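Here the structure is laid out as structure tokens; the discussion comes afterwards.
Fair warning: this is a prediction, and the values are worked out from it, not measured in the lab. Per chain, numbering begins at 1; letters A, B, ... match sequence-line order.
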Number of protein chains: 2
Amino acid sequence: MSGRKIRNMEEFAAVSGISRPTVSKYFNDPESVRASTREKIERALKEHDYRPNIFAMNQNRKLTKNLGIVVPYLADPFFAEIARRIEDMVISAGFRPILLSSHGDAKLEVENLDSLLSIKPAGVLLAPLGRISDTAAIERFCREVPTVNFDANIDGAGEAFVGHNNTQATEMMLKYLTRTGEPPAFFEMKSPPNPNANKRRTAYLETMERMGHTPHVIQAAGEGWEIEEIGYREGTRVLSEGSLPSRTVFCSNDRLAIGFLAAAYEAGFKVGLGDDCTLRVAGHDNHPFSRYTCPTLTTVSHNYSAIATKSVETILAMIESGVRAPERKSTLFDGELIMRASA
Amino acid sequence: MSGRKIRNMEEFAAVSGISRPTVSKYFNDPESVRASTREKIERALKEHDYRPNIFAMNQNRKLTKNLGIVVPYLADPFFAEIARRIEDMVISAGFRPILLSSHGDAKLEVENLDSLLSIKPAGVLLAPLGRISDTAAIERFCREVPTVNFDANIDGAGEAFVGHNNTQATEMMLKYLTRTGEPPAFFEMKSPPNPNANKRRTAYLETMERMGHTPHVIQAAGEGWEIEEIGYREGTRVLSEGSLPSRTVFCSNDRLAIGFLAAAYEAGFKVGLGDDCTLRVAGHDNHPFSRYTCPTLTTVSHNYSAIATKSVETILAMIESGVRAPERKSTLFDGELIMRASA
DNA sequence: TCTTAAATTTTACGCGCGTAAATTTTATTG
DNA sequence: CAATAAAATTTACGCGCGTAAAATTTAAGA
């Protein structure tokens, strides 16, 4: 690096001996210029260290290289992990990820979308809050920007949905628990922040029915994203009341299960499969922390690696082709049984 | 909302009956225009739903309203939580948070800073990777952009540092453990990704010395951010070897402790304070999950709420005043003993 | 060497807004 | 009501780049 500071593309074009429009072309796609031209530019680039002004670029482009990622709650390790994978892929595809968290707040979710709208993203990957989302606002946004909806399905949101097969996953766990012990009770939040919960309850009820067992749903009071706390508090209550209809408990998600396990431990229950155990607990999601609970949590995996990959591929394909999907495709990934010590 | 679509500030100025430069002034600071003018604009705003183009705004402003936030690893709930708090405060201060994670990669950390540089942020809150960071590149960045360094201190990075008082916190826990039992061994990673670990080891060694006890440091092999896994694996090894120099283990951080607790549970140890317990385990950070371990983890809190607040206040003050601090100030927040069941 | 198509350059304009300077309007005071 | 300061407006220009159209150069083949 040497020479005086380059202030804009004009000056950079001068020192590289190329016209400004050609330089502009190079930055939009290096392959689009002749090899000899490319060399000249790249030689100058090494000497002078210039970067085009992002704002000026994006102001004039019809399509930016921005790709929005909106998740409902980033402080949830599940979304943090999925966001991390998506960011990686987006970057290596040459896009600029803009990661926004709605922090569990529907108003902020809409503000995030508004904020994205103003930076003209090429596309958006949206994991909506779900039940409490302002669906009208979301649908309005999706008409403006190519969007792939993931994790939580909102009909009409985006050109495609990529998510978890809650039905299959729930059924699989139910069969496993029943086969190796007794039919479980279902432990969930009364007003879950995530719509997957509803699908899971429905799947539980239907499968139990089909298997000829009486379903038992235990609903935990409490709202918001302090899910472990709710699982712990309500778990403690249920265990102390002795109102558990079954010695096997299938939690709607792992965070709830983590709280429930803490409650069971404190209440002196021995959780697990062994003959000396008085309780079996299973979860759902294969949460990053589920393998460090005591005992380790038997759960059914939420294939967020596949969901992240498919979501990114879908939005990139849509951006590249420039066409919106004629019909809304839905892709569900099956869960896998993660057998550990708790059930 | 009605009327035709507003394409730019020119058109919006027309429908609101105000000149464009005055409208521009309004958007930069609503208080800077006469009340009657403000009313007119806001009435038009309700009718026509117009928002200034972010790119055009930022292109011409010397100072944007962008505020960068860079954390080393967003999938760590600790950073996710601190980022959430910071974002909230930044938004309510009227700025636009740009959250970037370095994913534990020093190259990506530099790329993140480069990326920030090109969007002319008013300021940046930087929690660096630490040991592996490209300190030269970071210092170069800090000369260009007002930066507050938080969590992990890198001398010369930023105008101020806001962090955790590792020395005080370590000392406090050591005294507690010794007073209520025996002097602990110190369990840490051999090559910790976070520089706080070094401060904690030093504090452990010095305090033990001062108290007249022989220090025992157990170093876990393994690199990266899969900290629970390392704690679990190495914990299992240490416990099975029976090489533990003390029945009390002070883990360098909670994630390590979570892994260690899982190992202890599996190895059949009863962890806690009671007479029937064979092991005491303490952590450091008051990690969001530390209260759901079995048994619940005794730890010393990392006051990230205060750290987040102070960091934001510092950078905002710097932005507002427009002056870089004459000298680098360092603020450390004390930890608090969180007595739970594990020690 | 001539032909031809592809790549490049030149020219010219526009994007949407910030901002400075000069001018006009409005509010305040005596 | 006149004088004066404060606020608003008009005018004018610039920011750094995208991009279209026309003119020119380059490379490849006969």
Side-chain angles (χ1 to χ4, degrees), chain A residues 4-45 48-66 96 115 117-122 322, chain B residues 4-45 48-66 94 96 117-122 322:
Chain A
R4 71 182 190 293
K5 284 234 174 164
I6 304 293
R7 305 208 159 278
N8 53 39
M9 196 179 278
E10 191 83 47
E11 287 187 19
F12 178 74
V15 299
S16 60
I18 306 284
S19 74
R20 191 184 63 74
T22 304
V23 171
S24 167
K25 220 178 159 200
Y26 168 85
F27 278 110
N28 284 317
D29 178 11
E31 299 299 313
S32 71
V33 303
R34 206 181 321 176
S36 61
T37 310
R38 192 159 54 239
E39 274 179 33
K40 279 195 205 171
I41 294 179
E42 277 161 5
R43 208 178 310 136
L45 222 42
H48 294 279
D49 159 64
Y50 156 78
R51 298 181 58 170
N53 181 303
I54 281 195
F55 301 116
M57 277 176 60
N58 287 336
Q59 177 175 16
N60 299 314
R61 263 213 270 259
K62 7 43 203 337
L63 215 68
T64 69
K65 283 283 190 177
N66 296 331
R96 200 164 181 289
S115 167
L117 208 54
S118 65
I119 61 168
K120 293 190 284 188
Chain B
R4 70 182 189 293
K5 282 233 174 166
I6 305 293
R7 305 210 159 276
N8 53 37
M9 196 179 280
E10 192 83 47
E11 287 186 18
F12 177 73
V15 300
S16 60
I18 307 284
S19 74
R20 190 183 64 73
T22 304
V23 171
S24 168
K25 220 177 158 199
Y26 167 86
F27 278 110
N28 284 317
D29 178 11
E31 298 299 312
S32 71
V33 303
R34 206 183 321 180
S36 60
T37 309
R38 192 160 53 241
E39 272 178 37
K40 280 194 205 171
I41 294 179
E42 278 161 5
R43 208 177 311 137
L45 222 41
H48 294 280
D49 157 66
Y50 155 79
R51 298 181 60 170
N53 179 301
I54 281 195
F55 301 117
M57 277 176 58
N58 287 336
Q59 177 176 17
N60 301 314
R61 264 213 271 258
K62 357 63 193 337
L63 218 67
T64 69
K65 282 283 191 178
N66 295 330
R96 201 165 179 287
L117 208 54
S118 65
I119 61 167
K120 295 190 284 189

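Atom P of nucleotide dG18(D) and atom CD of Q59(B) are separated by 11 Å, given to the nearest angstrom. Summarising the geometry, the separation between NZ on K120(A) and P on dG18(D) is reported as 12 Å, rounded to the nearest angstrom. Atom CZ in F55(A) sits about 14 Å away from atom C1' in dG18(C), given to the nearest Å. Remark: P of dC15(D) and CZ of F12(A) are 20 Å apart, rounded to the nearest angstrom. The distance from atom CZ of R51(A) to atom C1' of dG16(D) is 15 Å, rounded to the nearest whole Å. For the pair E10(B) CD and dG14(C) C1', the interatomic distance rounds to 14 Å; values are reported in whole Å. Following rounding to the nearest Å, E11(A) (CD) and dC15(D) (P) show an atom-to-atom distance of 11 Å. Distance CG (N53(A)) to P (dG16(C)): 16 Å, rounded to an integer number of Å.
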Output field dot_bracket for DNA chain D (Watson-Crick or G-U, both distances under 3.5 Å, | for other-strand pairs) contains ||||||||||||||||||||||||||||||
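At a threshold of 4.5 Å between non-hydrogen side-chain atoms, the residues T37(B) and K25(B) do not count as touching. R51(B) has its side chain out of reach of L117(A): every pair of non-hydrogen atoms, C-beta onward, lies at least 4.5 Å apart. Side-chain atoms of Y50(B) and M9(B), non-hydrogen and from C-beta on, do get closer than 4.5 Å to each other. Considering only heavy atoms from C-beta on, K120(A) comes within 4.5 Å of F55(B) through its side chain.
Partners of N8(B) according to the side chain to side chain contact (heavy atoms under 4.5 Å, CB included) rule, which considers only residues two or more places apart in sequence or in another chain, are E10(B), E11(B). Legend: residues meeting side chain to side chain contact (heavy atoms under 4.5 Å, CB included) with R38(B), ordered by chain and number and at least two apart, are Y26(B), P30(B), E31(B), V33(B), A35(B), E42(B).
Interatomic distance, M57(A) CE to S118(B) OG, rounded to the nearest 0.5 Å: 9.5 Å. Interatomic distance, NZ of K65(B) versus CD1 of I54(B), reported as 13.0 Å (0.5 Å rounding). Summarising the geometry, atom CZ belonging to R61(B) is positioned 9.0 Å from atom CG belonging to N66(B); distances are rounded to the nearest 0.5 Å.
Remark: R20(B), P21(B), S24(B), N28(B) in residues 19-29 of chain B come within less than 4.0 Å of DNA chain C through at least one heavy atom.
Distances shown here put a side-chain N or O of Y50(A) below 4.0 Å from the OP1 or OP2 atom of dC17(D).
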Indicate every side-chain donor-acceptor pair of residues 12-24 of chain A with a distance under 3.5 Å to a residue at least two apart or in another chain.
unit_1: S16(A); atom_1: OG; unit_2: F12(A); atom_2: O; d: 2.9
unit_1: S16(A); atom_1: OG; unit_2: A13(A); atom_2: O; d: 3.2
unit_1: S19(A); atom_1: OG; unit_2: T22(A); atom_2: OG1; d: 3.0

Is there any protein nitrogen or oxygen under 3.5 Å from a nitrogen or oxygen in nucleotides 22-27 of chain C, and what are the pairs?
unit_1: dT26(C); atom_1: O3'; unit_2: R34(B); atom_2: NH1; d: 2.8

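Across the interface with DNA chain D, nearest-nucleotide mapping of N60(B) and V33(B) shows V33(B) to be the residue nearer the 5′ end.
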